[in-house]
Amino acid sequence: MERRPLIIINTDSYPTFCDNKCDNSECSKHISKAAHHRGGCKFSKLRGTDRCEGCIPKRRKKNEQG
């Protein structure tokens, strides 16, 4: 068995994008904005935290249209 080195990266300075299922695409932290970001980033569920810019659940928007 080959031993591989353990690599640890400090992601504290990386921008965080939200990976909740949300229709608020105007949010600067929306997961779709990560596609245009160059460099490292991290994903976290921001809904319910102080960093959330307003979550619009996809289910609620679907129910309002139908």
Side-chain angles (χ1 to χ4, degrees):
M1 182 194 284
E2 183 181 339
R3 295 188 70 172
R4 296 186 178 157
L6 178 64
I7 299 172
I8 299 173
I9 299 172
N10 183 2
T11 60
D12 291 343
S13 62
Y14 285 16
T16 302
F17 293 97
C18 184
D19 67 348
N20 276 316
K21 294 180 179 175
C22 171
D23 268 344
N24 186 8
S25 59
E26 300 298 317
C27 173
S28 65
K29 295 173 176 64
H30 195 264
I31 194 167
S32 63
K33 304 280 183 9
H36 305 291
H37 177 73
R38 293 182 184 242
C41 63
K42 57 185 176 179
F43 295 96
S44 181
K45 300 214 182 286
L46 300 178
R47 187 169 96 188
T49 66
D50 57 346
R51 295 185 293 170
C52 181
E53 294 181 10
C55 178
I56 303 172
K58 288 187 175 187
R59 261 186 301 182
R60 184 181 345 153
K61 193 168 187 177
K62 184 179 177 182
N63 290 339
E64 287 174 1
Q65 291 176 352

K33: side chain to side chain contact (heavy atoms under 4.5 Å, CB included) partners, not counting sequence neighbours: F17, H30
Residue pairs, two or more places apart or on separate chains, that pass ring pair (Phe, Tyr, Trp, His ring centres under 6.0 Å) and touch residues 39-59: none
For S28, side-chain hydrogen bond (donor to acceptor under 3.5 Å, both in side chains) partners two or more places apart: E53
Distance-minimising heavy-atom pair for G40 and P15: O-CD, 3.5 Å
T11: side chain to side chain contact (heavy atoms under 4.5 Å, CB included) partners, not counting sequence neighbours: I9, Y14, K42
Distance in Å, I56 CD1 paired with D23 CG, rounded so as to fall on 0.5 Å steps: 7.0 Å
Spacing of K58 atom NZ and C55 atom SG [to the nearest 0.5 Å]: 10.5 Å
Salt bridge (Lys or Arg N to Asp or Glu O under 4.0 Å) partners of residues 4-15, not counting sequence neighbours, each pair once: none
Show the atom names and distances, to 0.1 Å, of all donor-acceptor pairs under 3.5 Å that link a side chain in residues 44-52 to residues at least two apart or in another chain.
from: T49; atom 1: OG1; to: L46; atom 2: O; distance (Å): 2.5
from: T49; atom 1: OG1; to: R51; atom 2: N; distance (Å): 3.4

Minimum heavy-atom distance between G54 and C22, given as atom pair plus value: O-SG, 4.4 Å
